[in-house]
Amino acid sequence: MAIRSIATRPFDDQRPGTAGLRKKVRIFQQPHYLENFLQSVFNAAGDFSGATLVAGGDGRYWNREALSVLFRVAAGNGVGRIIVGRHGLLSTPAASHLIRLHEAAGGFLLTASHNPGGPDGDFGVKFDTANGGQAPESLTEAAWRASLEIEAYHVADMPEPELDRLGLQQAGDLQIEVVDPVADYADLMESLFDFPRIRKLLGNGRFRMRFDGLNAITGPYAMEILEHRLGAAPGTVVNAVPLPDFGGLHPDPNPVDAAHLVDWMTGPDAGDLAAASDGDGDRNMIVGRGMVVSPGDSLAVLAEHARRVPGYAGGLAGVARSMPTSRAVDRVAEALNIPCYETPTGWRYFCNLLDAGRVDLCGEESFGTSSSHAREKDGLWAVLFWLNLVAATERSVEELVHDHWQRFGRHAFARHDWFIPDSERAAVVMQTLQENPGRFDGTTLGDVHIERADSFAYHDPVDESVASGQGVRVFLADGSRVVFRLSGTGTQGATLRIYLEKYLPPDADHGGTGPELTAALGAFAAGLARVSELTGVARPAGVI
Ligand code: G1P
Ligand code: ZN
């Protein structure tokens, strides 16, 4: 197999963000662009000669073409074997599992998660390391530095692998193993949850659920697990075929983009549970009758009842949440007498804690939850966890949440996303806040009393690395909190995220949605940060 080195010039925009490199499809389609980036990862990650990698994507537009580039660059860098999902498909959690199962050296995931697909949409590349988790910041930064110095990339001349046929094939010196993308993942789920009990619940003729694949990767997984293995009624899984443009849907499981599920669950014909996942299958939204379960509450309830689920029956070593995520789980951890870690945004920060056995459950406010079974967040896993809890406790989704609020109080939560076309002006807002957050300590604005404020820095207790400047936290005297940070996954302009958390004690009235209960806090926060004054933007583009 001939390997050629192709001379190239650096692109200056290949710095990975919160979840890999994400760009418009057309940027990725520039000659040499993807090759450069992949080569930079190989250059930064060290020797992959003879190594096994896992590869797949969420089926979005350009998935196959990008895989073909990946095969040639991987072979050009001496990779020995690539395990790839049939049709080039793999969900993010399934890929994480395959890396661990096969003890692969790492993996490449072709996805831009919930960002829109299609020729005018987004594309992305994430790379995972041998633990099945996303590359740590040290590696993504090294890849970025390598991308600025690259002079050549290496590609192999080889036949195009056939991705629609299961089994082993040889493409030049590279061995390709095409696997069923679903089977191993479904087995893993079966090992964690009480399938017989869930099967009884789903088959009792009363329990009605809907899972919406949003025409993205989780359709085939949900079909196999929910309808085939668990006997859910046919039609339980909808929009189950992954499409290159997601059929025009926006595969982001949240009350705005999946409003149709919320409508069903708040209407006269409401079922018992509705759920959805995102483009690459790592996010989840759980909707009970008349109620969207806020991700922070979901994490807290799962932690509270984890012992009822076979895979967690031995109890949890600890829990973790990303910094902006509500502190509901902190209270559960305290009651369980286990540690609770607060990490920067981005799943990769949980991985050291998971690897070290310090935590078993973790979650982010952005509809991401998972556990030590993988090193990525996992959408379907969360749905199965909830089903298992409903089956084991004989309480409905909304009853479980209300019970939780009555015991611990409610951390009503919402996120205001301010889209700011001019990134520099967005940066000014954060710089202004970050300069000296301590100046807010003990001040009162209107009727809001600020206890203290800081710029969040994370000291990883496992590898002792430090990540600073991860957002500004403002703690209020009534137990509420406001957090400011800039998104790291956008592909245009900047998004300032303002996270609002209002604490309502156990005996308070818990009625209302998160956005309703935090609206006043949102206005306060925008004023505190002088967002409109500094950016010219009048209001948030989205409230979730
Ligand atoms: C967003 C979410 C974050 C999540 C990431 C990848 O990142 O906020 O929790 O890990 O997507 O799914 P952000 O755009 O805020 O940087
Ligand atoms: Zn995702």
Side-chain angles (χ1 to χ4, degrees), residues 3-48 53 55-58 60-79 88 106-113 115-129 134-157 279-280 346 348 420-424 426-427 486-495:
I3 293 180
R4 287 178 297 135
S5 291
I6 312 282
T8 186
R9 279 205 305 266
F11 291 88
D12 64 4
D13 63 347
Q14 298 197 326
R15 186 178 198 173
T18 314
L21 185 69
R22 254 183 227 181
K23 299 283 169 194
K24 292 272 157 220
V25 166
R26 297 202 196 283
I27 302 251
F28 266 108
Q29 284 173 326
Q30 298 172 85
H32 312 299
Y33 191 90
L34 178 58
E35 289 89 341
N36 268 26
F37 182 67
L38 295 171
Q39 183 66 52
S40 303
V41 173
F42 283 116
N43 289 348
D47 189 9
F48 274 104
L53 293 178
D58 62 13
R60 69 178 53 232
Y61 181 80
W62 214 55
N63 192 65
R64 288 268 188 139
E65 291 83 346
L67 271 176
S68 160
V69 172
L70 170 62
F71 293 142
R72 280 182 284 117
V73 177
N77 282 274
V79 169
F108 284 90
L109 259 288
L110 307 177
T111 172
S113 190
N115 291 19
D120 299 318
D122 292 346
F123 197 78
V125 179
K126 292 198 287 196
F127 51 104
D128 286 356
T129 48
Q134 282 173 54
E137 198 170 344
S138 52
L139 179 50
T140 56
E141 290 290 281
W144 171 54
R145 285 193 299 273
S147 80
L148 296 172
E149 291 167 2
I150 192 167
E151 288 172 356
Y153 58 81
H154 314 298
V155 281
D157 289 325
D280 60 328
R348 58 189 175 183
I420 299 163
D422 180 348
S423 317
E424 279 171 26
L486 289 176
S487 159
T489 55
T491 52
Q492 260 170 356
T495 298

Margin query: Checking side-chain polar atoms at under 3.5 Å, does Thr8 have a donor or acceptor matched by the opposite partner on His32?
Written below: no
Margin query: Show the nearest heavy-atom pair for residues Ala494 and Ala426, with the distance to one decimal.
Written below: CB-CB, 3.5 Å
Note to self: How close do Ala146 and Asn43 get, counting heavy atoms only, and between which atoms?
What the structure shows: CB-CB, 4.3 Å
Item checked: Side chain Arg72, main chain Leu67, donor-acceptor under 3.5 Å -> no
Check: Going through the distances and angles, do Leu486 and Thr495 end up as a side-chain contact (heavy atoms from CB on, under 4.5 Å)?
Finding: CA-CA 6 Å; Leu486 289 176; Thr495 298; over 6 Å; no
Next item on the list: Looking only at non-hydrogen atoms, find the nearest pair between Leu70 and Ala55 and report the distance.
Entry: CD2-CB, 3.7 Å
Notebook entry, point to check: Can you tell me if Asp13 and Tyr33 form a side-chain donor-acceptor pair at under 3.5 Å?
Noted result: yes
Note to self: Is any side-chain heavy atom of Ser5 closer than 4.5 Å to one of His154?
What the structure shows: yes
Note to self: In the structure I gave you, are the side-chain heavy atoms of Pro119 and Trp62 within less than 4.5 Å of one another anywhere?
What the structure shows: no
Item checked: Heavy-atom side-chain contact between Ser147 and Phe11 under 4.5 Å -> no
Next item on the list: Apply side-chain contact (heavy atoms from CB on, under 4.5 Å) to the pair Phe48 and Asn77, showing each step before the final yes or no.
Entry: CA-CA 7 Å; Phe48 274 104; Asn77 282 274; 5.7 Å; no
Next item on the list: Give the intermediate values and the outcome of side-chain contact (heavy atoms from CB on, under 4.5 Å) for residues Leu38 and Phe108.
Entry: CA-CA 9 Å; Leu38 295 171; Phe108 284 90; 3.6 Å; yes
Check: Ala44 and Ala142: which non-hydrogen atoms are nearest, and at how many Å?
Finding: CB-C, 3.7 Å
Note to self: I'd like to check Thr129 versus Leu139 (side-chain heavy atoms, cut-off strictly below 4.5 Å). Are they in contact?
What the structure shows: yes
Check: Hey, does Leu53 have a side-chain heavy atom less than 4.5 Å from the side chain of Phe127?
Finding: no
Next item on the list: Please lay out, stage by stage, how Lys24 and Asp122 fare under the test salt bridge (Lys or Arg N to Asp or Glu O under 4.0 Å).
Entry: CA-CA 4 Å; Lys24 292 272 157 220; Asp122 292 346; 3.0 Å; yes
Notebook entry, point to check: Would you say the side-chain atoms of Arg60 pair up with the backbone N or O of Leu110, donor to acceptor, closer than 3.5 Å?
Noted result: no
Notebook entry, point to check: Does Ser113 reach the side chain of Arg22, with side-chain heavy atoms less than 4.5 Å apart?
Noted result: yes
Checklist line | pair Phe28-Leu21: side-chain heavy atoms closer than 4.5 Å | finding: yes
Note to self: Which residues pass the salt bridge (charged side-chain N to carboxylate O under 4.0 Å, His left out) test with Asp120, not counting sequence neighbours?
What the structure shows: Arg26
Next item on the list: Assess the pair Phe123 and Tyr61: is the distance between their ring centroids shorter than 6.0 Å?
Entry: no
Checklist line | Approximate separation, where rounding is to 0.5 Å, of Asp12 CG and Arg9 CZ | finding: 12.0 Å
Next item on the list: Starting at CG of Asp280, measure out to NZ of Lys126 and round the result to the nearest 0.5 Å.
Entry: 4.5 Å
Next item on the list: Kindly say whether Gly88 contributes a backbone atom to a donor-acceptor pair with the side chain of Asn63 at under 3.5 angstrom?
Entry: yes
Item checked: salt bridge (Lys or Arg N to Asp or Glu O under 4.0 Å) contacts in which one or both residues fall within residues 140-152, not counting sequence neighbours -> Arg15-Glu141
Checklist line | Distance-only donor-acceptor check, side chains Asn36 and Gln14, under 3.5 Å | finding: no
Margin query: Are Gln39 and Val73 packed together at the side-chain level, in the sense that at least one heavy-atom pair is separated by less than 4.5 angstrom?
Written below: yes
